[in-house]
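One structure is given here, and the rest of the page talks about it.
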Amino acid sequence: MKKGVQLVKRLSPSLSTIFNFNSATHSLPTTSPWWSAAQHRGVKVNAIHLRTGNVIEKSGRIYQIVESEHKQRGRGGALMQMELRDVDNGNKVSLRFGPEETVERVFVEEKSFTCLYTENSTAFLIEPETFDQLQVPLDLFGKSAAYLKEEMKVRLQLYDGRPLTAAVPKRVTCTIKETQTPMKGVSATPRYKKALLDNGLTVQVPPYLDTGEEIIINTEDDSYLGRAN
């Protein structure tokens with residue numbers, strides 16, 4: 001109970017309202033019932049149809065595909081070169097499959113969480129319906145971890161309750177913290193200029209934008225999409 005109350009105290013008033021927290025009646029459990037949820041074995045598919053992020057079973061081990069590349073071996077035919085991560089121990093292995101070779105794909109569970117806060121290399125999340133809390137490494141978000149902030153909705157892929165991947169929304173609102181000042185005496189106006197965002201990332205924005213403005217960014221490629229309404 002004490003741990004749950006301590007976490008609630010770290011929330012902003014807006015988050016406390018969203019989740020209807022009451023320190024006298026609510027606590028955040030350290031274990032989650034869905035961690036023991038059964039996973040559905042998938043169907044057998046040809047290796048050529050597998051994609052990065054898919055989870056497969058091979059020789060009794062469960063792997064997540066980190067990278068997949070279709071290679072041509074001349075007269076030897078084509079093959080699929082894959083870098084895999086062992087879900088149980090995190091070790092990476094490299095395996096080759098024939099394009100038509102049958103592989104068992106394992107289905108994973110997708111769940112939506114809300115980000116409470118980040119600390120050091122960890123993101124603290126909460127499941128909004130059950131109030132189950134979860135701590136995941138920021139590495140699961142990849143470079144998109146820079147966009148994480150309080151109250152953001154994120155999605156996780158889980159296998160037997162273990163987080164495999166995490167993703168932030170494709171479109172997020174950021175504030176321009178600092179931007180380049182137009183150079184005097186330059187007649188040609190550049191199409192874009194650099195802008196430092198409130199999350200520390202530097203992106204390219206139109207020259208008419210100024211410090212303090214809120215803009216929408218595509219988190220997949222850090223591109224400018226437009227002004228926030």
Side-chain angles (χ1 to χ4, degrees), residues 29-74 76-127 132-148 152-170 200-201 219-222:
T30 57
T31 58
S32 305
W34 49 264
W35 272 60
S36 59
Q39 301 295 307
H40 298 288
R41 295 296 180 190
V43 296
K44 293 185 180 296
V45 299
N46 293 335
I48 197 171
H49 297 303
L50 294 173
R51 298 290 182 268
T52 299
N54 289 166
V55 179
I56 65 173
E57 182 177 6
K58 179 69 173 177
S59 302
R61 307 292 297 178
I62 302 297
Y63 298 98
Q64 183 179 32
I65 300 175
V66 178
E67 186 176 348
S68 177
E69 183 179 1
H70 184 275
K71 291 188 174 182
Q72 191 69 34
R73 297 185 299 177
L79 59 83
M80 301 299 297
Q81 179 76 39
M82 296 188 185
E83 183 178 355
L84 310 174
R85 181 177 65 84
D86 191 309
V87 170
D88 291 320
N89 55 37
N91 293 337
K92 291 184 178 181
V93 297
S94 182
L95 296 178
R96 294 179 178 180
F97 300 90
E100 302 303 319
E101 183 176 345
T102 300
V103 182
E104 184 172 7
R105 179 182 173 186
V106 178
F107 290 124
V108 297
E109 180 185 17
E110 284 200 8
K111 288 183 72 73
S112 178
F113 287 81
T114 299
C115 179
L116 296 176
Y117 62 94
T118 62
E119 187 174 279
N120 298 324
S121 59
T122 303
F124 294 81
L125 312 177
I126 189 169
E127 208 283 335
D132 292 327
Q133 62 172 320
L134 181 64
Q135 300 177 21
V136 301
L138 290 179
D139 290 346
L140 289 186
F141 290 92
K143 67 178 184 65
S144 297
Y147 291 101
L148 279 172
M152 176 176 283
K153 303 295 183 183
V154 300
R155 292 199 65 81
L156 266 61
Q157 281 192 338
L158 306 113
Y159 175 77
D160 279 348
R162 287 168 290 181
L164 298 179
T165 61
V168 301
K170 184 177 179 180
L201 294 180
T219 59
E220 294 182 350
D221 58 9
D222 303 327

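Just so you know, residue 1 is the first one in the sequence shown, and it goes up from there.
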Any residue meeting salt bridge (Lys or Arg N to Asp or Glu O under 4.0 Å) with Lys71, in chain and number order, not counting sequence neighbours: none
Gap separating the OH atom of Tyr63 from the CG atom of Leu164, nearest 0.5 angstrom: 14.5 Å
Nearest-0.5 Å distance that lies between atom CZ in Arg105 and atom CD1 in Ile56: 11.0 Å
4.5 Å side-chain heavy-atom contact, Leu84 and Ile65: yes
Between CD on residue Gln135 and CD on residue Glu119, distance to nearest 0.5 Å: 9.0 Å
Partner set under side chain to side chain donor-acceptor pair (under 3.5 Å) for Ser121, not counting sequence neighbours: none
Results of side chain to side chain contact (heavy atoms under 4.5 Å, CB included) for Ser112 - residues two or more places apart only: Arg155
Residues which pass side chain to side chain donor-acceptor pair (under 3.5 Å) with Asn54, listed by chain and number, not counting sequence neighbours: none
Pairing residues for Ser68 by the side chain to side chain donor-acceptor pair (under 3.5 Å) criterion, not counting sequence neighbours: none
Sequence-distant partners of Asp86, salt bridge (Lys or Arg N to Asp or Glu O under 4.0 Å), two or more places apart: Arg61
Sequence-distant partners of Glu100, salt bridge (Lys or Arg N to Asp or Glu O under 4.0 Å), two or more places apart: none
Distance-only donor-acceptor check, side chains Gln157 and Thr165, under 3.5 Å: yes
Contacts of type side chain to side chain contact (heavy atoms under 4.5 Å, CB included), residue Ala123, not counting sequence neighbours: Thr118, Leu125, Val136, Leu138, Phe141, Leu148
Side chain proximity check, Leu134 to Leu156, heavy atoms < 4.5 angstrom: yes
Which atom of Phe113 lies closest to which atom of Glu127, heavy atoms considered: CD2-N, 3.6 Å
With Ala47 via side chain to side chain contact (heavy atoms under 4.5 Å, CB included) - residues at least two apart: Met80, Met82, Phe97, Val103
With Glu67 via salt bridge (Lys or Arg N to Asp or Glu O under 4.0 Å) - residues at least two apart: none
Residues forming a side chain to side chain contact (heavy atoms under 4.5 Å, CB included) with Asp221, sequence neighbours excluded: Asn218, Ser223
Residue pair Val108 / Leu158: nearest heavy atoms and the distance that separates them: CB-O, 3.4 Å
Pairwise side-chain contact, Tyr159 with Asp88, heavy-atom cut-off 4.5 Å (strictly under): no
Any side-chain heavy-atom pair of Asn46 and Thr102 under 4.5 Å: yes
Non-neighbouring partners of Gln64 that pass side chain to side chain donor-acceptor pair (under 3.5 Å), sequence neighbours left out: Arg85
Any donor-acceptor pair under 3.5 Å from Lys58 side chain to Glu104 backbone: no
Between Thr219 and Lys170: side-chain donor-acceptor atoms closer than 3.5 Å: no
